There are 2 protein chains.
Amino acid sequence: MRSQKRDFTIGALSKYSGVNIETIRYYEKIEIMPSPPRSQGGYRLYSESHRRRLSFIRRSRELGFSLEEIRGLLTLVDDKSYTCAQVENITVNHLNTTRRKIADLQKLEAVLDGMVSKCHGGHVPDCPVIDALSL
Amino acid sequence: MRSQKRDFTIGALSKYSGVNIETIRYYEKIEIMPSPPRSQGGYRLYSESHRRRLSFIRRSRELGFSLEEIRGLLTLVDDKSYTCAQVENITVNHLNTTRRKIADLQKLEAVLDGMVSKCHGGHVPDCPVIDALSL
DNA sequence: TCTTGAGTCTGTAGTTCCTACAGGGTTTAT
DNA sequence: ATAAACCCTGTAGGAACTACAGACTCAAGA
């Protein structure tokens with residue numbers, strides 16, 4: 001019993017992944033998602049691995065990575081012929097921007113949290129949100 | 001001695017904030033940045049508060065917030081006539097997405113960090129990066 | 001089996017958020 | 001005063017979607 005792959009259509013994939021149907025087809029065209037097999041009538045048939053890849057892309061986009069950055073990471077998944085130095089290069093780079101983003105978001109979190117607390121106190125606080133991310 | 005505001009041109013603002021000159025003018029057109037005063041010859045003259053606002057926008061964009069989301073936060077800064085309930089609404093919302101993003105980035109960080117360690121060990125690791133953000 | 005309605009197909013055009021000129025005026029340093 | 005470096009407006013292009021239009025497919029019920 002390997003992986004029974006119950007295929008699903010593009011509409012179902014869209015629901016499971018939170019990505020628009022049109023965007024899914026767009027991702028296939030620019031080759032960041034693979035072309036799936038088709039039914040006799042020409043319908044795209046997806047499986048679990050597609051759903052996982054697509055969810056990864058969506059969430060990475062929400063974190064502010066460009067499709068080219070994501071494509072770079074995904075080649076690490078797809079292409080098994082990298083040297084350690086190449087992998088480390090891509091990975092360390094991504095790790096740096098990831099850590100910077102975490103730090104920024106935590107600053108933002110602190111400011112927003114402070115505002116909510118003050119608001120609970122009853123009077124409208126002024127909003128120092130710019131101070132969090134203005135260098 | 002209040003704030004001595006040494007004005008600077010759009011090119012300088014671009015350097016200080018890391019935002020392209022064209023993008024700065026675009027932000028003015030869509031009214032997410034205010035129209036600054038002009039010199040006799042028509043040059044835009046910016047001061048420190050512009051720089052801070054613009055840096056905030058740039059870094060928020062890098063964190064994956066849309067201009068509309070950022071505009072929402074900035075109205076909290078600009079408009080002093082909100083009720084506490086309104087402020088809390090906007091803020092709590094933003095706080096939720098912010099925390100979700102932090103959590104996602106931390107998962108990604110762990111995976112990338114793991115890859116780098118394995119790479120230091122000498123042999124090319126396979127890349128479980130999708131697992132970090134595929135639900 | 002035939003029909004009907006929801007779902008999918010390709011292709012093209014529109015939106016958002018920039019980015020890159022073109023052709024001209026302004027500043028500043030020599 | 002004059003050239004280099006900068007800025008102006010306007011328009012056109014690119015990335016990453018998003019929204020049709022018109023035709024085909026599929027599942028389910030009469």
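Letters A, B, ... mirror the listed sequences (proteins, then strands); counts begin at 1. These numbers come from a predicted model, not from an experiment.
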Under 3.5 Å donor-acceptor, B:Thr23 side chain and B:Val19 backbone: no
Please answer whether the main-chain N or O of B:Tyr43 pairs with a side-chain N or O of B:Ser39 as donor and acceptor at a distance below 3.5 Å. yes
Within this structure, what is the CZ-to-C1' distance between A:Arg44 and C:dG7, rounded to whole angstrom? 13 Å
Is the NZ or CZ atom of A:Lys15 both under 6.0 Å from the centre of the six-membered ring of A:Phe8 and within 45° of that ring's axis? no
Side-chain contact check for A:Tyr26: nearest option of C:dG7, D:dA16, D:dA19 is D:dA16
Check nucleotides 23-25 of chain D against the protein and report each pair of N or O atoms closer than 3.5 Å, with its distance, or say if there are none.
{"unit_1": "D:dT25", "atom_1": "O2", "unit_2": "A:Tyr43", "atom_2": "OH", "d": "3.1"}

Is the distance from OP1 or OP2 of C:dT8 to the nearest side-chain N or O of A:Thr9 less than 4.0 Å? yes
Can you tell me if A:Arg71 uses its side chain to pair, donor with acceptor, with the backbone of A:Ser66 under 3.5 Å? no
Nearest-nucleotide comparison on DNA chain C, the residue closer to the 5′ end among B:Arg25 and B:Glu68: B:Glu68
Value in whole Å for how far the C1' atom of D:dG14 lies from CD1 of A:Ile30: 13 Å
Can you see if the side chain of B:Thr23 gets near the phosphate of C:dC18 - specifically, an N or O under 4.0 Å from OP1 or OP2? no
Separation of atom CD in B:Glu22 from atom P in D:dC7, rounded to whole Å: 11 Å
Interatomic distance where CD1 belongs to A:Ile10 and P belongs to D:dC26 [whole Å]: 15 Å
From D:dC17, D:dC8, C:dC9, nucleotide with atom closest to A:Arg38 side chain: C:dC9
What's the OH-C1' distance between A:Tyr27 and D:dA16, to the nearest Å? 7 Å
Between the main-chain N or O of B:His123 and the side-chain N or O of B:Lys118, is there a donor-acceptor pair closer than 3.5 Å? no
Inter-residue atom distance A:Glu69.CD - A:Leu63.CG, 0.5 Å rounding: 11.0 Å
Send over the distance from A:Asn20 CG to C:dT16 C1', rounded to a whole Å. 14 Å
We want to know whether A:Glu28 and A:Ser35 form a side-chain donor-acceptor pair, criterion being a heavy-atom distance below 3.5 angstrom. yes
Interatomic distance, B:Phe8 CZ vs D:dC6 P [rounded to whole Å]: 17 Å
Starting at CE of A:Met33 and ending at C1' of D:dA16, how long is that distance when rounded to a whole Å? 16 Å
Counting any heavy atom closer than 4.0 Å, what does A:Ile21 reach on the DNA or RNA strands: base, sugar-phosphate only, or nothing? sugar-phosphate
